[in-house]
Amino acid sequence: MRAWALLACGLLLAACGVDGHVGARFRAERDLFRANQMYRDASIRPSLVKDADWRELAARYQGLTDRYSASLGATSPTTAEQELQTISAGALFAAARIFGSLQDSTQVLEIFGRLEREFGHMAAVAGEVALARAGIAEGRHDAESAIRYYQTVVDRVEPDPQDAGVAGAVLDLPLRIARLRANGHPEDAKDVYLQARRYYEDKVASHPGTLIQIDARTRLAEIAADLGDWRASTRSLRQVEADLRVQDPPPRDPAVIRYYIAGSMSRGDAPKDSLEQALESVLADYPQSDAAIQARGSLADLALVSGQIDEAIAHLDRLRADRCELVRAGERDLVDHLAVDRRDERVSGRSRRDGPRDAVRAHRIPIWVWCWSKMPHFE
Amino acid sequence: MSPILPLGVALRAWQSSASLLFRSAIWLPFLLMAGIQALALGLLLGFHHDLLLPVGAPLVEMLAGREAMHYPVLYLALPMMFAKVNLGINVLVASLASGVATVLFARAFGSANVGSAWRAAFRSWPVLIVLAALSIALVLGVSYLTSLVPEETRSGSRGVRWGVRALSLLLFVLVQSMLAYTTAWVVLRGQSIWPALRDSVRVAFRTFLPTFIVVGIPALLLYPFSYAVGRVEWIASKFRPEMVSALIGVQLFFELVATFVVVGAITRLFLWRMGAAR
């Protein structure tokens with residue numbers, strides 16, 4: 001009897017601690033999951049889905065928000081209530097995305113307005129809306145509005161490079177703002193970049209040893225590059241690489257940064273020898289990285305530009321041996337290209353004598369040299 | 001001894017049990033157990049309803065943590081949660097139900113010296129609870145033993161994986177076979193824990209192959225369900241998360257029928273061994 005009484009008391013105590021929004025959150029998650037599943041199914045062949053069906057799906061998302069946001073109070077929400085708000089706002093975003101793909105800007109702006117009214121107190125939602133509005137403004141070449149919205153995001157949302165949402169995009173925005181402003185007023189470029197630089201320097205100082213610090217330093221390098229200060233850019237990138245190398249596992253590939261360093265040196269008119277050295281150091285220190293492929297290709301490019309065809313071929317031979325699948329894909333591409341050319345020649349009765357095919361013939365460069373020209377290039 | 005003989009004995013035992021499938025009185029203890037299992041499953045699945053939330057939410061949190069209160073995590077955690085709840089149901093309710101059913105089967109098979117089934121089972125309930133707990137502890141011990149095979153070894157070879165599963169099932173059937181007659185010894189012969197255990201093992205040894213077949217074949221037939229329930233993530237992603245609860249429901253139904261047949265067949269074998277059957 002005592003055991004039953006204890007069990008009943010225990011259950012009663014547990015029941016007192018239950019957040020009443022847990023049930024609604026579960027139901028909202030279920031409805032969102034089902035709506036998302038319908039969205040995924042429709043997205044397999046979007047062209048086969050009628051506009052009316054897309055609108056019905058958007059209405060389903062909006063209905064979800066109507067159903068679950070009604071019970072929400074704004075003062076000191078519990079965890080479940082906060083998550084319920086996020087789900088409700090997320091459903092509205094999904095509806096906006098559908099209307100956006102239907103080019104129904106009236107509905108999109110209406111939803112954004114509702115998001116600001118009902119969920120504007122949530123920094124992430126306000127940020128997402130501002131980011132979307134900024135994108136629309138940029139599309140309309142309205143740089144001033146875009147800057148204003150981007151600034152709202154920067155002011156309200158803390159950056160988190162690992163976040164897939166707005167927090168993951170924040171670190172890009174001060175630089176984006178600076179570029180937009182510099183485009184409009186090139187004479188003020190130094191001043192506008194200075195503001196962005198302050199933001200990033202502050203992040204570097206306040207987030208030691210984090211991904212934020214690393215990404216902020218990368219942006220500092222970009223700012224220096226935009227201002228043509230290649231030495232400062234190279235210095236920042238070297239620091240980024242050093243930061244990455246002490247982390248295990250590094251959150252970003254240090255080989256890519258080393259490759260960027262070589263790029264920065266090349267733009268800074270570094271001597272060919274030191275450039276070659278920098279690229280070869282990518283191959284030596286990070287042979288397994290994808291950046292090594294790019295470095296090898298850039299070495300081949302460099303050799304080609306200097307007229308050292310044998311050296312270029314040697315690099316491309318190595319490239320072919322190391323990563324033959326990429327080159328084979330390029331070869332297939334070239335074979336297709338040549339087949340089309342031959343057909344053109346038969347039809348027109350003349351041979352085209354320009355383009356990379358002639359370079360291949362003139363220097364008797366193996367086929368993969370041309371293939372390389374189809375791959376991402378070192379700048 | 002010809003291997004046909006034990007198979008024949010097992011078949012006769014199943015036949016005796018199956019012939020009582022339409023006796024509603026015998027179904028009563030099984031339906032009690034199934035009803036409680038269904039209630040428990042319903043409580044876990046419907047924890048989010050306002051009426052059930054005060055009891056359901058703490059239960060789900062206790063069994064699988066806060067994450068399980070999210071959709072579709074609830075369905076991924078459901079087999080594990082229900083297995084835990086089912087352990088309690090097996091100890092507290094299934095022990096009583098099997099006691100009642102054993103007496104009802106014995107009476108149906110013509111055993112004269114049995115009184116009221118419910119009264120006899122209630123009188124022996126504490127002993128039955130201890131025996132059920134012991135049986136579950138042994139089954140969990142078997143699971144633990146098979147979990148000692150390193151994960152890398154299992155994931156590296158399909159043969160090893162299926163070998164471990166087969167070994168686990170074999171040990172499970174062996175344990176269940178050895179303890180199969182404990183309930184009969186307790187409710188029909190009024191024995192206490194240790195004598196019931198000792199004599200169950202003794203009868204199981206004397207009737208080894210028929211007992212092994214009677215217990216083992218239904219366990220083998222039910223294995224695909226437990227195998228499928230173990231692959232909830234695949235099921236939830238391929239179909240719908242709700243499929244997991246449907247699968248558990250189907251599994252419960254077949255388990256109910258199998259338990260009916262096995263309890264009846266074991267009672268028949270017990271009475272046959274004791275020479276008490278007509």
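Convention: sequence-line order gives letters A, B, ...; per-chain numbering from 1.
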>> To the closest 0.5 Å, what do you measure between CZ (A/Phe33) and NE2 (B/His70)?
In response: 14.5 Å

> Looking only at heavy atoms, which of residues 97-115 of chain A get nearer than 4.5 Å to chain B?
Replying inline: none

> So what's closer than 4.5 Å to chain B heavy atoms on A/Arg27: side chain, backbone, both or neither?
Replying inline: side chain

>> Is it the case that atom CZ in B/Arg161 sees more than 12 heavy atoms from other parts of the structure closer than 6.0 Å?
In response: yes

>> Could you check whether B/Glu242 pairs with A/Arg34 (Lys NZ or Arg NE/NH1/NH2 to Asp/Glu carboxylate O, under 4.0 Å)?
In response: yes

> Is the count of non-hydrogen atoms from other residues, nucleotides or ligands lying under 6.0 Å from A/Gln247 atom CD greater than 12?
Replying inline: yes

> Among pairs that include at least one residue of residues 36-62 of chain B, which meet side chain to side chain donor-acceptor pair (under 3.5 Å), considering only residues two or more places apart or in two chains?
Replying inline: B/Gln37-B/Asn86, B/Glu61-B/Arg66

> How many angstroms lie between atom OH of B/Tyr71 and atom CD of A/Glu29, to the nearest 0.5 angstrom?
Replying inline: 10.0 Å

>> Looking at B/Tyr144, I'd like to know if its OH atom is crowded, meaning that more than 12 non-hydrogen atoms belonging to other residues, nucleotides or ligands lie closer than 6.0 Å.
In response: no

> Is the number of heavy atoms from other residues, nucleotides or ligands within 6.0 Å of CG (B/Leu51) greater than 12?
Replying inline: no

